[in-house]
Structures are given as C-alpha cells and as structure tokens.
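Taking it in order: structure first as structure tokens, then the write-up.
In what follows, chains carry the letters A, B, and so on, assigned in the order in which the sequence lines appear, proteins first and then strands, with residues in each chain numbered from 1.
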Number of protein chains: 2
Amino acid sequence: MSDVARAAGVSVMTVSNVLNERTNVGADTRLRVLEVVEELGYEINLTARRLRSGRTGTIGLIVPQFDLHYYGELASRISEALAPEGMHLVVEQSGASRERELSALSLARLQQYDGVLLSAVGLDMADLDRIHPDVPIVLLGEQAVPERYHRVRMGNVEGARLATEHLVGCGARRVAVLGGKTSAPHPEMATYRTDGWSQALDQAGLPHDPALVIPLTTYSIAEARSAISAAVDGGLEVDAIFAVTDEVAIGALAGLHDAGLRVPEDVQLAGFDNLGISAHLVPGLTTIDPDHPTLVTEALRLLRRQLKDRTADPEHVVSGARLVARGTTRGRSAP
Amino acid sequence: MSDVARAAGVSVMTVSNVLNERTNVGADTRLRVLEVVEELGYEINLTARRLRSGRTGTIGLIVPQFDLHYYGELASRISEALAPEGMHLVVEQSGASRERELSALSLARLQQYDGVLLSAVGLDMADLDRIHPDVPIVLLGEQAVPERYHRVRMGNVEGARLATEHLVGCGARRVAVLGGKTSAPHPEMATYRTDGWSQALDQAGLPHDPALVIPLTTYSIAEARSAISAAVDGGLEVDAIFAVTDEVAIGALAGLHDAGLRVPEDVQLAGFDNLGISAHLVPGLTTIDPDHPTLVTEALRLLRRQLKDRTADPEHVVSGARLVARGTTRGRSAP
DNA sequence: GTGAAAGCGCTAACAA
DNA sequence: TTGTTAGCGCTTTCAC
C-alpha cells in the first residue's frame, strides 16, 4: 500500500480511503490512486485489514459433512443469499464428531469470521453452554440448545406427523420409521421426527410396534439401504416407511428394491427435507418441504441483527413444514 | 497473550513458544503457561499469527457450486485427507460464472490460504494466464490450462470411450451423448468426453448423427431431465445414452421414465463420475470411476511440493478411468 | 480533503 | 532457557 501511495504521490491513508470507498477523497486523487493500483497490480492484504479493523466480510458456515446432499444445498442457498450483500461464505466441515466439532468451534477459528452459521449435530447442551464466543452465531439445526443462542430450525414434529398422516391416509396400516430414535440423552432431529411419527399413529389409532423403529447411526444412503434389506429379510412386515431424511429415503428405495418389494404398490415411502434430487427419483419421492428459503432468510436475519447489536435478544425461529406428495405414495384418492 | 504472560510471570515470547510447541521451553514453565491459558480461557488470535508469520494452516478449495454432488464428495474427501496433517480445509463457491470465479480468485482472497485447490470451470486459458498468484495452486479439472500450473484431471477421453464401448458392447447401435459438446473456444469437460464418445463410435463403425449430441448448459439434474424428455418427444430415437456426468445421468433416468421408456430394456444408460449415490439408484447406474482417491492424493501431493518449494516444476497428473457396470446397462452377456 | 502517528496481536531474529 | 526489539500491512484517531 505504501508503494501505491508513493507512486501516486499521496499518503497511505489516502490510498486506504480510496480502497474503502470513503467519501473524503477528491475525485482526481481518487482516479490517480486507482490508476496506480491497477498499474502495480496491487491487492489489499485482507489479513492486515482484519487484524486492525476486526471486519472480515466473511461468514462461516460449519456443517457436519460436505457429502450429505442436504448440506450442499444449504451452503449453496446461503452463499447465493449473501453474495448480493457483498459478503462471502466459506464452509468448513466439522466431521460430525463432538471432538472435531469442538475444534471447529474453537474461538480461535470462529474469530476469523464476522459471523458463524453453525449446523451442529455432535454437540450437546453442555458443550454449547460451555462456549462463550464473542462472534455472532446462529445455530441451524434440530437439537436442543441453550436459550441464549439464536437459532433456526425446521418444524420437525409437525413435518413428521404430516408425512405419517399422509401415508396412513393413503391406506398404510403398518408404518415403520427408518432412522427412528425413541430415546436419546438430548433430543435431536431423529427423536423429534420419531415423535411426529408416533403422534400420527396414535391419532390414527394404530399401534406402534417397537419393531417398526429402525435405528440408523450415520443416516447415509448406504446404511439406510442395508438396514431396510436386513429388516425385510428378517421378517419385518410393513406397508409404508417414513424415512427421517430424504437421503435415508433414497437408501430405502434401493433396499426395498433389493428385497423385491415395489414402491408404492407393496410399500409406500415418504422422506423429509425435499432435496433437489428427490423430485427426480423414479418414482418421485414424497417428502416434507421444510421451507428452505425461509430457513435461510431467517438465519441471515438473525445474524444481521447480531452483527448490528451484539446484545440483541436471542430468537428461536421455526420454519413451517409442507407435504409434497409424489410417486412413492399412492395419493389421497387411493384406498 | 500479554495477559497470559503477566499472569504466568513470563514474557509473551515464552507464551508464544509454548503455544507453538517449540522445544525451547522448560517443562515447568510450559506447564505454568498452559495452566494460565486454561484459567483465563485464552485463545490465540489466528489473524495476528497469520499477518506476522504468513502461515495459516488452512487450504482453500474453490468449487463452482456447492450443490453439485460431485463437489460435495470432493470436498469431503479432501477435508478428510488433510485432517491428519493438522490442516483445515475451507470451501468457497465461485458460482460457475467467469466473473465470480475471478473475484474468488483475486489475489486478496487467495492469500488467506497456505494453498489453493481450484476447480475452475468458468475460467479460460487467458484468464488463468493473467493471474500470477504467489500462493501455491493446484487446478482440479478438465479444461485446458497454461503449462505453468500444477494440475490434476481425470482420464476424460478414455473414460468416455470406455463407457460408450460398453454400451455398444451391450448391443446399442444408436448412442446419444447427453451434455455433449462438439466445439468450444477452449476444450473442457464436455468436449473431452464427447471426443471419447465419438472415438468409440468410430471404432465400432457406427455413424454419429449430429442429432445424437444433446447439449446442456448447467449439467443439472433438472435440465438433463427436461432435455431428454424433449428430445424423445421430438422424435429422437436412441437405444443408449452416454451422460457426461452422473448428475446428468440421474436426470436422464427421470426423463426417460417421463417419456415412457424403460432402462435398460428400451434405452441403456451410462454416466461418468461414480458418485456415491449412483450405486444406490434403481436400477444402479453404470458409470466411469475416475479413481477419486488417486485424484485427491495427487492433488495434495502437488500442493505439498509447492508448499515446500515454490519453484517446483509444474506437473500435470491424469487419473485412470475404470468402468463400473451396473443395472442401467445390460451387461456383456446380453446380445 | 489529506496526512502523521499509533497500534491491532502475534512471531522472526537476535541478545542475554 | 528466556527475554527484547522490531515490524507484518492495514485502519483508527486526530491534527492540519
């Protein structure tokens, strides 16, 4: 920067003012400085700026895994929403383990961002309670969190109920929940969605056999596929499956095929998340749309509020859930 | 850090030495410093460290789009490979447009990383030629690049040829290439893969009707689906499709279903990339495996070489391509 | 409208 | 083994 200042015959402060588009610079001075910047190929050092000013212009998004489609879509949406505001998004992977999540969450790393969107799955209340970051944070996700955090989540129970009601409405009588979890030290995505499933069965007067809860640990396509194959081979009889995520539902589709069962004729299927790919499966996947645009808009609103006022009162926002009926269920007209 | 130093009764330099695990600190001093660090909840300021030392411990990966599954899987693999070395990966989205890619590539942003893995699609030779970063860069991708860049890419032509040969070997006589491109100002993924398709048809003595090249612009599932539907409705007659990516093949699967065609009975299908999901589609997607582990290992090797020696001679590495036959093709035993 | 001085928090280099 | 000095490149503050 001092090279530029020297070549333009001004002080470094003036160069800084020009580059920051401050208004206290004469038009001719401004032009001269910009010319020299171009000529010398000067690029500002963002690290120095950050050290001095504290601003980075960068928002961090921390997700458990890059290769779960849900997080790829989330990152894409957030990135697009930030671009018009001149902010950059960078994404880090925490690896879904408590240990790696805690390390990604170390204040040292968080401080590199103006704000952080944290999609935590491995952290529990106690972990989150211990952390006192001075960077604005918005939690994205389903697990229980301390009150003081700003947070956006989906309508999990409601969505799961909608999906299960739809399956029952389409004639299902034995509805399994793939990826279900009836108890956990702290509530999380799977327990909430299992609750919704459970509520819908209760309302319909259907019993819920514990065998209908098929647990998963990674919620990957491969794991879901083999879990379903194994369950059917093991004698499980179902006429519908509520998969706790679309990713899991994709695995179920394959696993049911492996077991020689047709979807939706023999077994109906519904997922949760409405991934981009879900509309393009064959048959199309019936699923719950958690209103991604609102999720993203609200998360960024909460972040901006904190950016403006560090002491803003925490908000917990819940997005709506909407059923999207496609080919894996037989539709309300069916018996 | 000076607070810690004061509380521990040492100099800031000693605190720095302890935190950097340098060996020139007495065991008792070390312990005392660590105690105080813990007690005060001190966390190092990475920005200041970076400004002074130039090291960041962070590698940047720049991809066109977060929500193409290929990039999610790539990011995940790289992240896992870097973790054991104590390096962090952060991912940025360039948005697939030249403009946004150039901005992501601004020296200012690149300098924030120790090294950069750049998966560029919007940049051409001229753009890349203009950029003279002083950060080690490895290009990941298929487009032509100036010699001075280190670069890893797939065996595109070979892979496309293998896929097309397999389709022909399974009895196909009219093989379309979905996402094909026969000419472009600069060669890129689609042109290379179209070349491979073309070579295989030549070798088999099959004509290549220009109508068999179905162009795409975004290579998204939705675009591929409607392109195939439209082509079939428009009278296109084919008995096989080579899709230039698995993502495109997934769209083709849906589009063929829309058109009332069965896979593989009426139309066989092969993709390219061997995504994680491809094995779990119904039917399983025949595809080309570009040897992801080697791709990642080699990219990181090239990056480490540059990290050690900025003047290391550039290398261009090409990974092998291997056919993975699944249910969307009829297998070699078929007529 | 422009510039000089100070310092963000750390580490390289060297001194003790 | 520990400490001192200087300075990374920028922006804040304040004087002109």
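A:E315 has a carboxylate O that lies under 4.0 Å from a charged side-chain N of A:R305, or vice versa, which qualifies the two as a salt bridge. Ionic pairing of B:D129 and B:R148 is present here: one or more N-O contacts between side-chain nitrogen and carboxylate oxygen are shorter than 4.0 angstrom.
Residue A:N45 places none of its side-chain N or O atoms closer than 4.0 Å to OP1 or OP2 of D:dC8. Neither OP1 nor OP2 of D:dC10 sits under 4.0 Å from any side-chain N or O of A:T47. Between A:S16 and D:dT11 there is a side-chain N or O to OP1 or OP2 distance below 4.0 Å.
The side chain of B:R52 approaches D:dA6 more closely than any other nucleotide in the set D:dG3, D:dA6, D:dG9.
The side chain to side chain contact (heavy atoms under 4.5 Å, CB included) test with A:V138 is passed by exactly one of A:L303, A:L300, A:I59: A:L303. Evaluated for a side chain to side chain contact (heavy atoms under 4.5 Å, CB included) with A:V4, the options A:V37, A:I44, A:T14 yield exactly one hit, A:V37.
Checking B:E80 against A:Q93 by side-chain atom types alone, a donor-acceptor pair falls below 3.5 Å.
The NE2 atom of A:H69 lies 15.0 Å from the CZ atom of B:F66; values are rounded to the nearest 0.5 Å.
With rounding to whole Å, A:N24 atom CG is found 16 Å from D:dA15 atom P. Computed from coordinates, the B:Q112 CD to D:dG9 C1' distance equals 14 Å when rounded to whole Å. Between the P atom of D:dG9 and the CG atom of A:L19 lies a distance of 15 Å, rounded to the nearest Å. As rounded to whole Å, 15 Å separates atom P of D:dC8 from atom CD of B:Q111. Between the P atom of D:dC10 and the CD atom of A:E43 lies a distance of 11 Å, rounded to the nearest Å. Look at CG on A:N17: it is 12 Å from C1' on D:dT13, rounded to the nearest Å.
Taking a heavy-atom distance under 4.0 Å as the criterion, the stretch of DNA chain C touched by chain B extends 5' to 3' from C:dG9 to C:dA13.
Between B:V25 and A:L46, the residue whose closest nucleotide on DNA chain D is further toward the 5' end is B:V25. In this structure, A:S53 and A:T14 both approach DNA chain C, and ranking their closest nucleotides by distance from the 5' end singles out A:T14.
Counting heavy atoms from C-beta on, the side chains of B:R301 and B:V317 come closer than 4.5 Å.
Nucleic acid contact for A:R22: sugar-phosphate only, since backbone atoms but no base atoms lie under 4.0 Å from a heavy atom of the residue. If you check every strand for non-hydrogen atoms under 4.0 Å, B:S2 touches nothing.
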